[in-house]
Amino acid sequence: MDSEPAVIETDPVTDLVPVVGPGKERIPVESAILDAASPVFASMFSPPWLESQSKEISLPEDDPDAMRFITLTLSYYNEHELVTRPRTPQEILQIAIAVDKYDLRTALKFVLDFLFREASKTCSVAKNKDGSQTAMAGEDIVYLCAAAYVLDWCEYFSKFGLDLMCRHASSFTTLMNDELISSILPAKFFGTWISLTPYL
């Protein structure tokens with residue numbers, strides 16, 4: 001028998017339970033917090049939308065980890081371990097996708113800036129468990145490029161794009177094999193780097 005989906009408590013006073021992802025993870029939250037932060041959620045909680053009549057809202061296409069991060073941050077659980085732990089480039093991209101989908105750029109502007117700044121520190125140099133240092137792989141940097149592109153954040157898109165050009169040693173065509181990346185970044189993005197490769 002399948003185990004019960006995980007329940008992640010975010011606030012002692014909750015009146016809404018987003019059921020997130022294919023695993024149907026339940027993430028209780030105060031609906032007023034999402035209502036105030038997101039015009040999209042505000043519309044979903046207003047008639048004639050069905051969600052306005054239910055204590056649960058199904059979000060099957062969303063990433064549970066990203067939604068946990070977002071609900072915890074909006075609920076001011078800034079010291080929660082799920083908020084404070086370092087985020088991988090892949091996780092940052094999933095957060096960016098959710099932020100874009102629910103129009104949370106304004107509410108999470110400073111949090112996103114912090115995530116990008118922390119990621120910027122490891123683009124050039126990353127620390128390994130044994131204390132040695134290596135450059136972040138281009139396969140990871142491209143996720144940051146995609147995250148900045150989703151959020152239309154030109155400053156970070158330019159920075160991560162330059163890091164990608166300098167750090168990715170393999171063919172740029174390999175980066176296009178990632179279905180998620182290729183669905184976000186336009187073909188001309190890869191075409192630019194491919195055309196420059198012979199001169200690098």
Side-chain angles (χ1 to χ4, degrees), residues 18 20-23 25 27 29 33-44 57-75 78 82-124 126 136-168 172-194:
V20 186
E25 294 195 29
I27 307 177
V29 67
I33 292 174
L34 297 181
D35 191 306
S38 165
V40 177
F41 277 120
S43 295
M44 294 171 73
I57 179 172
S58 180
L59 306 175
E61 297 180 356
D62 294 337
D63 181 79
D65 184 69
M67 291 305 296
R68 281 196 296 268
F69 176 86
I70 287 171
T71 55
L72 285 166
T73 303
L74 291 175
S75 301
N78 298 322
L82 294 177
V83 174
T84 58
R85 72 172 178 81
R87 292 280 160 178
T88 67
Q90 292 87 342
E91 289 172 333
I92 292 175
L93 174 55
Q94 290 295 340
I95 291 170
I97 291 172
V99 167
D100 175 64
K101 179 177 180 178
Y102 296 109
D103 197 2
L104 289 161
R105 286 182 180 83
T106 300
L108 295 176
K109 177 180 179 180
F110 296 107
V111 174
L112 294 167
D113 184 55
F114 173 78
L115 290 176
F116 279 141
R117 281 190 285 109
E118 289 300 299
S120 296
K121 296 177 183 178
T122 59
C123 274
S124 299
M136 180 184 287
E139 290 85 351
D140 289 327
I141 299 175
V142 75
Y143 284 99
L144 299 176
C145 287
Y149 184 84
V150 164
L151 297 172
D152 197 25
W153 208 319
C154 296
E155 175 188 352
Y156 285 114
F157 182 71
S158 298
K159 181 199 171 4
F160 295 137
L162 180 60
D163 286 329
L164 179 63
M165 183 176 69
C166 295
R167 303 291 172 184
H168 187 59
F172 283 93
T173 56
T174 61
L175 301 177
M176 300 174 65
N177 295 331
D178 187 296
E179 184 176 347
L180 179 59
I181 293 298
S182 61
S183 70
I184 294 173
L185 293 174
K188 64 181 180 181
F189 172 82
F190 297 102
T192 299
W193 302 131
I194 293 171

Interatomic distance, CG@L112 vs CZ@R105, rounded to 0.5 Å, equals 9.0 Å
Looking only at heavy atoms, the pair that brings Y102 and L59 closest together is OH-CD2, 3.3 Å
Would you indicate whether the side-chain heavy atoms of V40 and L104 approach each other to under 4.5 Å? no
d(W153 CH2, K159 NZ) to nearest 0.5 Å is 14.0 Å
| Would you say the side chain of I95 lies within less than 4.5 Å of the side chain of V111, judging by non-hydrogen atoms? | no
Run the salt bridge (Lys or Arg N to Asp or Glu O under 4.0 Å) test on K101 and D63 for me, step by step, so that the C-alpha distance in whole Å, both residues' side-chain angles and the decisive distance to 0.1 Å come before the verdict.
CA-CA 12 Å; K101 179 177 180 178; D63 181 79; over 6 Å; no
Determine whether V99 and V150 satisfy the following criterion, side-chain contact (heavy atoms from CB on, under 4.5 Å), listing intermediate values before the conclusion.
CA-CA 9 Å; V99 167; V150 164; over 6 Å; no
Practice item. Report the relative orientation of the aromatic rings in Y149 and F157; use parallel for angles under 30°, tilted for 30 to 60°, perpendicular for over 60°. Key: tilted
Partner of I70 under side chain to side chain contact (heavy atoms under 4.5 Å, CB included), picked from I27, L108, D65, is L108
inquiry  = With heavy-atom distances below 4.5 Å as the criterion, would you say the side chains of P18 and M67 are in contact?
reply    = no
| Main-chain N/O of R68 paired to T71 side chain as donor or acceptor, under 3.5 Å | yes
OG1 (T84) and CG (L72) are apart, to the nearest 0.5 Å, by 10.0 Å
CZ (F69) and CG (L74) are apart, to the nearest 0.5 Å, by 9.5 Å
Quick one, E61 and I97 - any side-chain contact, counting heavy atoms below 4.5 Å?
no
| field | D163 and L144: CA distance, side-chain angles, deciding distance, side-chain contact (heavy atoms from CB on, under 4.5 Å) verdict | value | CA-CA 10 Å; D163 286 329; L144 299 176; over 6 Å; no
Hey, mind stepping through F116 and E155 against side-chain contact (heavy atoms from CB on, under 4.5 Å) and telling me if it holds?
CA-CA 10 Å; F116 279 141; E155 175 188 352; over 6 Å; no
Please report the C-alpha distance between V29 and F41 in whole Å, then the side-chain angles of each, then the deciding distance to 0.1 Å, and finally whether the side-chain contact (heavy atoms from CB on, under 4.5 Å) criterion is met.
-> CA-CA 12 Å; V29 67; F41 277 120; over 6 Å; no
Exercise. Hey, does the side chain of S38 reach the backbone of L34 with a donor-acceptor pair shorter than 3.5 angstrom?
Worked result: no
request  = Compute whether any side-chain donor of one residue and acceptor of the other, for Q94 and D62, lie under 3.5 angstrom apart.
outcome  = no
Going by heavy atoms in the side chains, are D35 and M44 under 4.5 Å from each other? no
For P64 and G21 the tightest heavy-atom approach is CG-CA, 4.2 Å
R85 and R87 have their tightest heavy-atom pair at NH2-NH1, 3.2 Å
inquiry  = Angle between ring planes, Y156 versus F160, binned at 30° and 60°: parallel, tilted or perpendicular?
reply    = parallel
Q: Would you check if Y143 and T88 make a side-chain contact, meaning some heavy-atom pair closer than 4.5 Å?
A: no
